[in-house]
2 protein chains.
Amino acid sequence: MTADPDGGYHLHEQIGFVLRKANQRHLAIFSARIGDLTPPQFAALAKLKEIGETSQNQLGSLIAMDAATVKGVIDRLRARGLVEIGKDGADKRRLLVSLTVEGRDLIERLVPLATSITGETLAPLTQREVATLLRLLGRIA
Amino acid sequence: MTADPDGGYHLHEQIGFVLRKANQRHLAIFSARIGDLTPPQFAALAKLKEIGETSQNQLGSLIAMDAATVKGVIDRLRARGLVEIGKDGADKRRLLVSLTVEGRDLIERLVPLATSITGETLAPLTQREVATLLRLLGRIA
DNA sequence: TTGATATCATTCGTATACAAACGAATTGCC
DNA sequence: GGCAATTCGTTTGTATACGAATGATATCAA
């Protein structure tokens, strides 16, 4: 039924390709609404607001970034004064990352925008379809 | 019903975050099975096999890459002898990109692997759910 | 207690991604 | 024909991503 009659391989039907395109559209919507922060930077600030101070690697695992990637993101947020780092007295290997006052202010102002970004990204779907999509994506993520 | 009782913003429920995680899992499966080619490189070869010779920018728009990105991908494929470029007699601005014999051999050998990568990525879902997911993703892509 | 193992953060190298600016070539329009 | 707008490819700069290697520190086990 849904099988390809000619048995051929079509790039546009592969999950990897469609995921990449959906990501691109979301990124375009995001940067149109929040121009001075990238989605990874936003994710770091949002997670810090949710859970408070943590180590750099712990934050990375919470937002699905490896150690090398999260370091770059935190460095750039730090250069802008949105987060700050401190030492962990109990474990000298760790860097504790936390929001600055400016970072907290910014993320609180941006949350409504982020909600509208999610809304615009999902605008082509009904509420029921949104729920289905998130459920199925969650299972392959 | 599905509304968040506390009205809070949770990163893990946002479409952008879930898309990024699904992409990560797909990439991990891809590189475990096809270690010496990235998904964008594979996409370029697969599309060239589908449509034959095209200009660099045209190829980019077919596989959703901007001009700067596609240039890097083609450069690396060219350095490995998988694609070659020629001049367009009718339009001196254009570079015509095509598969070499080695490139054609490789992509034909890899297509079965790519099919199994798609299968493994979608393994947590039933056939019906796969169809639903691809349909909904296609609408927001 | 000490020695193997694991964890934390950093660094290096490679590969997407995309914006912006650029020169060369082509097209559209009068 | 000729000039403006467009298109093609390139280059530069910035920002993820991830593998691999490394040094410092913790932990665990014999």
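Quick note on labels: first sequence line is chain A, next is B, and so on, each numbered from 1.
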### Query
Reading nucleotides 16-26 of chain D from the 5' end, what letters show protein touch, with B for base, S for backbone sugar-phosphate only, - for no heavy atom under 4.0 Å?
SBBB----BBS

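The line from OG of S31(A) to NE2 of H26(A) is 10.0 Å long, rounded to the nearest 0.5 Å.
Near-neighbour residues of DNA chain C inside residues 45-55 of chain A, defined by a heavy atom below 4.0 Å, number-ordered: S55(A).
One can place CG of D36(A) at 14 Å from C1' of dA15(D), the figure rounded to the nearest angstrom. I63(B) has its CD1 atom 12 Å from the P atom of dC18(C), to the nearest Å. N23(B) has its CG atom 12 Å from the C1' atom of dT16(C), to the nearest Å. To the nearest angstrom, C1' of dT10(C) lies 10 Å from CG of L95(A). At whole-Å resolution of the value, CZ in F30(B) and P in dT16(C) are 10 Å apart. At whole-Å resolution of the value, CG in N57(B) and C1' in dA24(C) are 14 Å apart. Put simply, CZ on R25(A) is 18 Å from C1' on dA17(C), counting in whole angstrom units. Taking atom CG on D75(A) and atom P on dA9(C), their separation rounds to 12 Å, with Å as the unit.
Qualifying side chain to side chain donor-acceptor pair (under 3.5 Å) partners for D66(B), counting only residues two or more places apart in sequence or in other chains: T69(B). Remark: S98(B) pairs with no residue by the side chain to side chain donor-acceptor pair (under 3.5 Å) rule, at least two apart or across chains. Applying the side chain to side chain contact (heavy atoms under 4.5 Å, CB included) rule to R94(B) yields the partners S55(B), D88(B), D91(B); only residues at least two apart in sequence or on another chain are considered.
Salt bridge absent: D105(A) and R109(A) never bring a charged side-chain N and a carboxylate O closer than 4.0 Å.
Other residues sharing a hydrophobic cluster with L62(B) under the 4.5 Å side-chain heavy-atom criterion for ILVMFWY residues are I51(B). Using a 4.5 Å cut-off between side-chain heavy atoms of Ile, Leu, Val, Met, Phe, Trp and Tyr, I140(A) falls into a hydrophobic cluster with I15(A), V18(A), L19(A), L122(A), L125(A), V130(A), L133(A), L134(A), L136(A), L137(A), I15(B), V18(B), L19(B), L122(B), L125(B), V130(B), L133(B), L134(B), L136(B), L137(B), I140(B).
Pairs passing the salt bridge (Lys or Arg N to Asp or Glu O under 4.0 Å) check and including a residue from residues 116-127 of chain A, sequence neighbours excluded, read R33(A)-E120(A). Under the salt bridge (Lys or Arg N to Asp or Glu O under 4.0 Å) criterion, the residue pairs touching residues 34-49 of chain B are D36(B)-R80(B), K47(B)-E50(B), with sequence neighbours excluded.
For the OP1/OP2 pair of dT10(C) and a distance below 4.0 Å, the side-chain nitrogens and oxygens of Q56(A) include at least one atom meeting the criterion.
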